[in-house]
Amino acid sequence: MLDVLKFKNPRKESSEGKGRIAIDEVSITFGSGADKHVAVETTSIGIEAGEFVCILGPSGCGKSTLLNAIAGYVKPTTGKVDVDDVTVEKPGPDRGMVFQQYSLLPWKTVYENVAFGPKMAGFSRANSGSTANTFLELVGLKKFGSRYPAELSGGMQQRVGIARALANYPSVLLMDEPFGALDAQTRLMMQESLLDIWRKFGTTVVFVTHDVDEAVFLADRVLIMSAAPGRIIEDVKINLPRPRSTDMASDPEYVRARQFCLDTIKAESRRAFEGQNT
Ligand code: ADP
Ligand code: MG
């Protein structure tokens with residue numbers, strides 16, 4: 001039975017219904033003059049609190065840039081991103097980030113890595129410690145708290161990365177190709193594990209990937225981005241029941257959604273390719 005109280009935010013804010021994202025007429029341009037590059041073309045999209053959304057698109061289309069705008073690492077050139085009606089100006093503890101590279105502090109133990117955020121946020125030592133243990137347990141790594149990151153497999157390190165992000169009690173979890181460096185088998189296990197963690201913790205997730213199967217398996221909605229300059233060209237609802245398991249690959253809804261995504265990407269690549277040749 002799920003112990004919801006375990007995840008009660010010690011900052012004492014209610015996280016109920018939090019994590020709503022509004023991307024409003026956002027465009028992002030890098031450089032100027034001859035070096036000017038439009039990474040994200042004017043895009044508007046809404047994401048509900050607690051939704052699991054995947055952003056799917058080819059390499060270089062602007063996925064990370066759009067995610068970084070939600071995180072507050074990149075400022076939109078036009079438009080704005082609101083999270084729970086507050087315009088994003090900089091990174092904040094309400095938005096946790098998990099990158100492809102595990103980016104753990106190598107000189108700190110697993111436990112210290114997870115306790116670090118709460119400690120920085122001013123939690124007491126006892127509170128940081130119990131928070132770290134709660135989230136290490138959530139990702140199934142409580143036993144490994146005293147290990148150093150280098151002593152863990154890639155999949156385990158990435159689970160520590162997820163625990164570390166969640167330990168700040170974010171209302172939004174932003175994930176940039178988090179399983180891209182893992183082997184296929186580990187990746188499947190991590191996808192199931194992430195859905196389990198999400199079901200228990202209930203945060204909004206925005207997950208970037210270029211892998212169609214990964215997107216369809218995980219998401220409530222798949223937002224497909226065009227080739228550069230990136231904009232969202234499809235918003236695909238995935239009507240698969242939850243909890244999901246990897247044997248759903250033969251479910252007709254899975255097959256339909258997957259084929260639709262593949263066809264969209266193929267048509268888009270053709271359009272981009274022909275555009276380059278005219
Ligand atoms: P994706 O994550 O979809 O692979 P990115 O968002 O990383 O794509 O990049 C989109 C485009 O914007 C790429 O052409 C990339 O080179 C460019 N870009 C990303 N960040 C910067 C930056 N800080 N300065 C200049 N160009 C950038
Ligand atoms: Mg990227």
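Counting from 1, the numbers follow the sequence of the chain as shown. When a ligand or atom number is given, it counts from 1 through the structure's own listing order. Quick caveat: nothing in here was measured; it's all calculated off a predicted structure.
- A centroid separation of less than 6.0 Å is found between the aromatic rings of Phe179 and Phe207.
- In summary, no N, O or S atom of Gln100 is located under 2.8 Å from the Mg ion (ligand 2).
- Using a 3.5 Å distance cut-off with no hydrogens or angles, the side chains of Thr246 and Gln191 do not pair a donor with an acceptor.
- Only one option out of Val88, Asp24, Thr87 pairs with Asp82 in a side chain to side chain contact (heavy atoms under 4.5 Å, CB included); it is Thr87.
- Here the protein heavy atom with the shortest distance to atom 15 (C) of ligand 1 is His37 NE2, 4.7 Å.
- Classification of the Phe135-Tyr169 ring pair by plane angle, with boundaries at 30° and 60°, yields perpendicular.
- Distance screen at 4.0 Å: atom 19 (C) of ligand 1 has a protein heavy-atom neighbour inside the cut-off.
- Protein heavy atom in closest approach to atom 8 (O) of ligand 1: Gly62 N, 3.2 Å.
- Closest to atom 10 (C) of ligand 1 by heavy atom, among Gly60, Gly230, Pro58, Ala228, is Gly60.
- Ligand 1 is never approached by Gly31 to a heavy-atom distance shorter than 4.0 Å.
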side-chain contact (heavy atoms from CB on, under 4.5 Å) for Tyr148 and Val110? Distances and angles first, verdict last. CA-CA 6 Å; Tyr148 286 88; Val110 162; over 6 Å; no
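- Thr186 contributes no side-chain N or O that, together with a main-chain N or O of Leu182, makes up a donor-acceptor pair within less than 3.5 Å.
- Salt-bridge check for Arg221 with Glu51: passed, with a basic side-chain N closer than 4.0 Å to an acidic carboxylate O.
- Of the protein's heavy atoms, Ser64 CB, 3.7 Å lies nearest to atom 7 (O) of ligand 1.
- Protein heavy atom at the shortest distance from atom 27 (C) of ligand 1 is Phe30 CD1, 3.2 Å.
- When non-hydrogen atoms are compared, ligand 1 lies under 4.0 Å from neither the backbone nor the side chain of Met225.
- In terms of polar-atom proximity, Ala39 is not counted as a contact of ligand 1, lacking any N or O under 3.5 Å from an N or O of the ligand.
- Residue Ser59 has at least one heavy-atom neighbour below 4.0 Å for each of these atoms of ligand 1: 4 (O).
- The aromatic ring centres of Phe217 and Tyr254 sit 6.0 Å or more apart.
- Closest protein heavy atom to atom 5 (P) of ligand 1: Thr65 OG1, 3.6 Å.
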